[in-house]
Amino acid sequence: MMDAALFASALGALTPILFAALAGALCQRAGVFNISLEGTMLVGCFAGVAGSWYGGSVWVGVLAAALAGTAYSLVLAVGTITFRGDAVVLGVAVNLLAVGLTSFLVQTVFGTRGTFSDPALAGLDPLTVPGLSEVPFLGEVLSGHSALVYLSWLAVPVLAVFLGRHPWGLRLRGVGERPEAAASLGVPVDRYRYGAILAAGALCGLAGAQLALGNVTLFSENMTAGRGWIAVVAVLLGRALPYGVLAAAVLFGLAEAAGFRLQGLGLPQQATDAAPYVVTLVALFVFSARRTVKRST
Amino acid sequence: MRGLRTTALAVLAAALLGAVLLAATGANPLVAFESIVVGAFGPDGLPDTLAYAVPVAGMATALAIPLRAGLVNLGGEGQLVLGAISAVAVGLQVPGVLGIVAALLAGVLAGALYAAFAAVCETALGVPLLVSTLLLSYPAVSLAAYLVRFPMRDPGSSLPQSEQLPPDVHLPALADTGLTAGLFLVLAAVVVYAVVDARTPAGFEARVTGWGPRFAQYAGIDRPRLTVRLLACSGGLAGLVGAVVVLGFPYRFIDGALITPQYTWIGLLAALLAAASPLGTLLAALFFAALTSGGFALERATQVPRELTAVLQAVLIIFLAAATGLLRGRKGAA
Amino acid sequence: NSPDEGGSSGTGDGNGPSLVLVTPNPVGVNDFLKLAVEGIEKAAEDSGGTQKVYQSTDPASIQQNVVAAVRDEPDVIVAVGFNFADVVAQQAEQHPEQQFLFVDSCTEKTYPNVTCAVFREYEGVFLAGAEAGLLTKSNKVGAIVALDTPQFRRYSTPFGEGAKQVKPAASLSPLFIGGSNPFNDPGRAKQLTATLAAQGVDYVMGAASASGNLGVFEAAKERGIFAFGVDANQCPASPGQVVDNVIKRTNVVIADGVAAILDGEQGETRSYGVKEDGISLTGLQPEVESSQCVIADHPDVLEQVGKLRDDIVAGTISVDDPAQS
Amino acid sequence: MLANDHVDLTVAAGEIHALMGENGAGKSTLMSILYGLLRPDAGTIELAGREVSFDSPARAIAAGVGMVQQGFALFDSMSVVDNVVYGAEPTRRGLLDRRAATAAVRELIERHELRLRPGDRAGDLPVGSRQQVEILKLLYRQARVLVLDEPTAVLTPAEADRLFVVLRELAADGRTVLLVTHKLHEVTAVGEAVTVLRDGRVTMTAPTRGLDQGRLAAAMTGREVDLDRVYPPGRPGAEALTVRNLTVRRGDRRVLDDVSLTVRAGEIVGVAGVAGNGQTELVAAIAGLLPADGTVRLGERDVHALGVRERRAAGLAHVPEDRGEVGAAPTARLADNLAVGFHRRPPLLRRGLLRPEAVRDHAERIVTRFGVRAPGVSAPMRTLSGGNQQKAILGRELAQEAPVLVVEQPTRGVDIGAVVGIHTELVAYRDAGHAILLVSAELSEVLGLSDRVLVMYEGRVVAEFAKDEADAEAIGLAMAGVTAP
Ligand SMILES: Nc1ncnc2c1ncn2[C@@H]1O[C@H](COP(=O)(O)OP(=O)(O)OP(=O)(O)O)[C@@H](O)[C@H]1O
Ligand SMILES: Nc1ncnc2c1ncn2[C@@H]1O[C@H](COP(=O)(O)OP(=O)(O)OP(=O)(O)O)[C@@H](O)[C@H]1O
Ligand SMILES: [Mg+2]
Ligand SMILES: [Mg+2]
């Protein structure tokens, strides 16, 4: 029912979600519920396209996206940490701001309304993984993605090792679990939270770069279209564990791709819209039911 | 006092930043601000503000109810939409004035049951409430979208909308303001919440749970039961808001009409900003409503690009959140 | 009220008619609404009057903007988009003096002060489908449509019928974008198009809005298939990939409609299709050579499609409106 | 308010210096200033002759100062090792070197003969072991100046003794120990000097040798305290609390193993035992907070199938061990904390509504009756000193006038003046015909108050003594699992 090309396109499509979800997980572990993923990703989309266009190279764009994401997440960092504002309220406002700001910038920077695209805009090229690309089915699925796709896969174990085995990761988890205890051991709580939010900003920036320069090659206002929110769901589902988040994102991406396929077979679009969420919920039921059974025996 | 000053300072700072932005695009900031204020509170604007404030305040209160006990209901959207579609479904079947009551009840019931189901997902199935409410929201919205496209579609039009409710199932309108008696229903809900929160054992127990789940358990509060009840109240109110909206003009369910105005998210914002305190939540909701209708007025009067209005609003919320954070932080440190 | 005050623009001397355009969504990326703005600007220019644009974001603000427009008492209020049916009916009844031009849809009842202008997009889509049918090698054509509503099925069903008209073996696979931002999700549009391509579809009607269509075109390019655009000429966005466009001359229709109302022709319903040249294909326009559309390289196809167009104009072929089924 | 008022305190290197004072006297505040958690409004700190000023714990740690705070500062989800090395991790090739960390921690555990396993999750540990982890954190950091805020409050005498051995070793090594405690015998046992604080001021500094305990108590409280009060025995009546075959499993382990006991009206039954032998689980299971097999009867009524609320309604009051999270809500107002449990009946409730004045009056009555020192009943609970929080909670539960009171560590962290007051209250409560099950790590407390003493070891009741046959030595042996055949 699904051919290799479809799997491949599903993998590409879930990369922005994966990047953003990893960003959210990092913040979650530092004790910050970050729902500004959507907005920060959008800023990354814009900066990526602007960087690629004016820098003349897609890598300038990727760098610009990461930097812009970092800079933009300062708003959330200063608001929640320095001013102790509510993270959710600030997150929503930051999302709102991103939509207004990027739409405004498209007009002032590119002089067009809403969408900027140009055949000359440099996007991310697919990479052929030597050796892997020859493997029949797998090669088609796993090879030929943009460098950022592979980076996102790499980011999962890196984040897992960081959180589990790097001193900073340990401290970050402590900061999230019990800030006053961390502070009493001389760990600068605020600095770690700043670090987490800014790093998350960079990851969201990369998510935006992949969306605007990898998945498509254009900027369009509000083009993140809820992917940041799906990332928030993935963070919650994956319990902010890197591999958990990966599993959630993959589950989601596959359910969505399957939904598209089912639409072609006559299922109404509203059903396929809801499919990823229902699938996830059912998966959760099964998962938690299995755990309860295990616990009671 | 200090609270007022800090808040005023935040608004002022945001206004200043906004003025710079406006001036940068060539608009006159004074004219712009005047049109925002007049648009929000002027004789023409106030009804618009109130019309927007009714669903926002309703949703804010709905989401504040569980928030008081530290429970976050992220599924307001689904509950709102289910309430609305149920109200329409019943309102189209039950004739006469009885239809109004039946439709409102159906809205409350649908929202309450759906939210309670999300609560049961946590208490019985171990799916965290945050996740269960959020995930359940999407299928509800899709279901309503499906219903108005197929079984419940308006035969007279090709739009994704239900048939119009018969005139005797319209909520009484308040003069020529575009407001309906729904205003009083939502106000009543706010008052009931305020009284229950401050003066009843049930409200007290909700607050105790918000202070600390282990303390609540020790005090004999049955957390699963409380979760289900609070969520039912929350979803019920959300459903009522949905019903109130569709029983007002244009008296039908239009797909997306309850989602795009962001009633739920603005409401959640208000509830969080006010730490779910009943009066604070209401005030914050009114403030956001005024900001929104003022923003539209600004656009109409000056043709300032709407992106800029969105930026202005966001900046204001950011400053406000920081200000309330400072206040709370200071209280905590005292 | 000087024309410059409050940023409204126009070329009139201040005594000309005043016009207000209310849009259902932010104009932003929306080609259809951009054309509407062009139309109101042209109308103001033609009549020496002034114009303003009120952009809405949701049904509640649509309602408020129309009411605010009525308060301003302009000579004509132009409402574009099907979302206005209830409000326009309500306000027209309450304010019989106020003239409305309702574009792209009409009120259920007729009002002497509401002039409607509706499109028969499906005729143009049918012609585009015929082009696809003549060109397809796999006999599979598809459509990527923003939402699954009767209104939007005008972009999918007639496309299949047009293809069948010229190639009975052709079949249509429509897919709908949906999701949380159906009108602005190029990424999802691209993924869906790839899904169609994987099923062997080689010509796709893109009705995913202006930005969504860019996603359709990108997928077309990557998968080596071809696409059709909507509303305006989208061929320059992806030269070599876009076959043709179903264009909807909202600008012309608004300018005409306003002029008619100002001339006293009020309260009628005007329908614009291929015959009235309100709907057309880029390929059937004189400037096809410079359009960067693929169809310019297929004069034989254009010739056959031109005949079909003539049949529609003559009434020998009639295209069903999916929204009326 | 002034928590510390011109305090002068000088401690010699290699000295164990005790700090005493009533609850709320300002001991924790002073220690927090030393550790950089709080900043003084005036005054200086000198370390080894150099003036220092710590604006953060990091600076204090770098300067060789370490502190164990009152209450816990552990990461429940992390292992003992991670908790200990947190913030000062050994690394190898940039990553955390868990092997080295575990070895270091194991070495410390063995050297000081602590009962800890490096890999255990901190959240699963009983309170006594958690305190040991806190001390390990200091030892691991090789602090030169150790500030310990009531470290022995949660330890059994044997554990405390073991800690003192460690402290003496450290002092002999030239390190300085500042020890806050409420226990007089500890002061004389390990301290070389003692400083007494009262109302934020130093009222006495003296060497501990030949120290008169009465004088010490007077310096703390400002009045005479009868430290050797002997309470008359109770007059047991009908069975008020009956527990049969109560069993709690955690994983494969039976943390509470087939426990049966009876408490009669007018009787105090004490439960002695080394922390972590099932006492906490016993109390939680009786209160209904922990699912358990077996039966629990309150009077005639079997409450085993009932929840916490119904058990409370059936006549059970409960003072939990953990006052920070279980027994109180630190961020809520004192008045609200004290209203819990009274909020569904008059006088707080009238015609279905809570009366704010009644809530306040109720709180003020408890504050007055039990001598709780608080900035006011509207102040958040957490602004009260540790001992005063304890008094407030105990006061609330006693005011329930329930037939059965289960109380765990009632005087933990409470100053000696207040200890006497609490003991008097408990005995009076018993004499009014109520039944009390008293769990305490303080052997002297169990011995002084109980009409009968049960000893728990590894989840079981291993010995029972009547009041007149209970002596510290036999109980001590039983606590170690040695019972007479
Ligand atoms: N332990 C509890 N946890 C959560 N909510 C409670 C609890 N007890 C009571 N409530 C709520 O407070 C309301 C009023 O309580 P009240 O005790 O007067 O009712 P009740 O009918 O006696 O209670 P029950 O149903 O337990 O017998 C109840 O309807 C319920 O909604
Ligand atoms: N955050 C705070 N806000 C206001 N007052 C406080 C705060 N923290 C402590 N206090 C007050 O400062 C005084 C000293 O408190 P501190 O904790 O130092 O007492 P303590 O001597 O350690 O008592 P205990 O023996 O009970 O632990 C107390 O009266 C307490 O109420
Ligand atoms: Mg203290
Ligand atoms: Mg009852």
Side-chain angles (χ1 to χ4, degrees), chain B residues 2-3 67-71 123-124 126 128 191-230 233 272 274-280 324-325 327-334, chain D residues 1 38 283-284 287-290 306-314 316-333 335-346 348-356 358-359 375 379-383 393 396-397 400 406 408:
Chain B
R2 181 195 271 157
L67 200 58
R68 209 54 166 159
L71 307 169
T123 58
V191 171
V192 168
Y193 171 48
V195 171
V196 169
D197 176 68
R199 299 291 302 275
T200 67
F204 181 71
E205 287 180 358
R207 279 186 287 143
V208 169
T209 309
W211 295 328
R214 292 183 66 196
F215 179 51
Q217 189 195 10
Y218 158 80
I221 295 168
D222 182 349
R223 187 184 166 89
R225 200 167 87 164
L226 184 80
T227 304
V228 173
R229 287 181 185 190
L230 286 177
C233 292
L272 286 168
S277 103
L279 187 67
T324 50
L327 285 176
R328 256 181 247 165
R330 230 183 257 146
K331 250 185 258 157
Chain D
M1 93 173 283
L38 290 175
V283 171
L289 287 165
L290 202 62
L306 303 182
V308 178
R309 180 172 173 231
E310 291 90 342
R311 290 189 195 203
R312 284 180 161 268
L316 181 72
H318 171 207
V319 177
E321 168 185 46
D322 182 345
R323 66 175 165 238
E325 265 183 59
V326 179
T331 54
R333 301 186 313 153
D336 287 331
N337 268 287
L338 295 181
V340 166
F342 295 88
H343 64 280
R344 284 191 174 273
R345 54 181 190 215
L348 272 59
L349 193 67
R350 202 162 66 191
R351 286 193 225 102
L353 290 183
L354 281 166
R355 299 165 49 225
V359 169
M381 187 75 167
R382 86 185 123 75
T383 61
I393 294 168
R396 177 187 66 209
E397 294 306 307
Q400 308 264 11
V406 179
E408 199 175 2

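All figures in this text were calculated on a predicted structure; none of them were measured in a lab. Throughout, protein chains are lettered first and strands after them, A, B, ... in sequence-line order, and every chain is numbered starting at 1.
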(request) Check whether D:Arg396 gets within reach of chain B through its side chain, its backbone, both or neither, counting any heavy atom under 4.5 Å. (result) side chain

(message) So, taking the atom named CZ in B:Arg225 and the one named CZ in D:Arg309, what distance separates them when rounded to the nearest 0.5 Å?
(response) 5.5 Å

(message) Ignoring hydrogens, what is the shortest heavy-atom contact between D:Gly352 and B:Pro201? Give both atom names and the distance.
(response) O-CD, 3.8 Å

(message) List the residues meeting salt bridge (Lys or Arg N to Asp or Glu O under 4.0 Å) with D:Arg312, not counting sequence neighbours, and say none if there are none.
(response) D:Glu397

(request) Output the distance between atom CZ (B:Phe215) and atom CE (D:Met381), rounded to the nearest 0.5 Å. (result) 7.5 Å

(message) Shorter than 4.5 Å, heavy atoms on both sides: which option in D:Ala339, D:Pro320, D:Gly341 has the most such pairs with chain B?
(response) D:Pro320

(request) Please state whether the side chain, the backbone, both or neither of D:Asp336 comes within less than 4.5 Å of a heavy atom of chain B. (result) both

(request) Heavy atoms only, distances under 4.5 angstrom: which of D:Ala287, D:Gly327, D:Gly307 has the most pairs with chain B? Name it, please. (result) D:Gly327

(request) Please answer whether the main-chain N or O of D:His318 pairs with a side-chain N or O of B:Tyr218 as donor and acceptor at a distance below 3.5 Å. (result) yes

(message) Quick check: closest heavy atoms across B:Ala219 and D:Val340, and the distance to 0.1 Å?
(response) CB-CG1, 3.3 Å

(request) Sort out for me which of D:Ala313, D:Ala329, D:Ala284 touches chain B most, counting heavy-atom pairs under 4.5 Å. (result) D:Ala329

(message) What verdict does the side chain to side chain contact (heavy atoms under 4.5 Å, CB included) test give for D:Leu289 and B:Gln217, after you've listed the backbone C-alpha separation in whole Å, the side-chain angles of each residue and the deciding distance to 0.1 Å?
(response) CA-CA 7 Å; D:Leu289 287 165; B:Gln217 189 195 10; 3.6 Å; yes

(message) Sub-4.5 Å heavy-atom contacts with chain D: which residues of residues 191-200 of chain B show up?
(response) B:Val195, B:Arg199, B:Thr200

(request) Just give me the residue among D:Asn337, D:Val359, D:Asp322, D:Leu354 that pairs up with chain B most often, heavy atom to heavy atom, under 4.5 Å. (result) D:Leu354

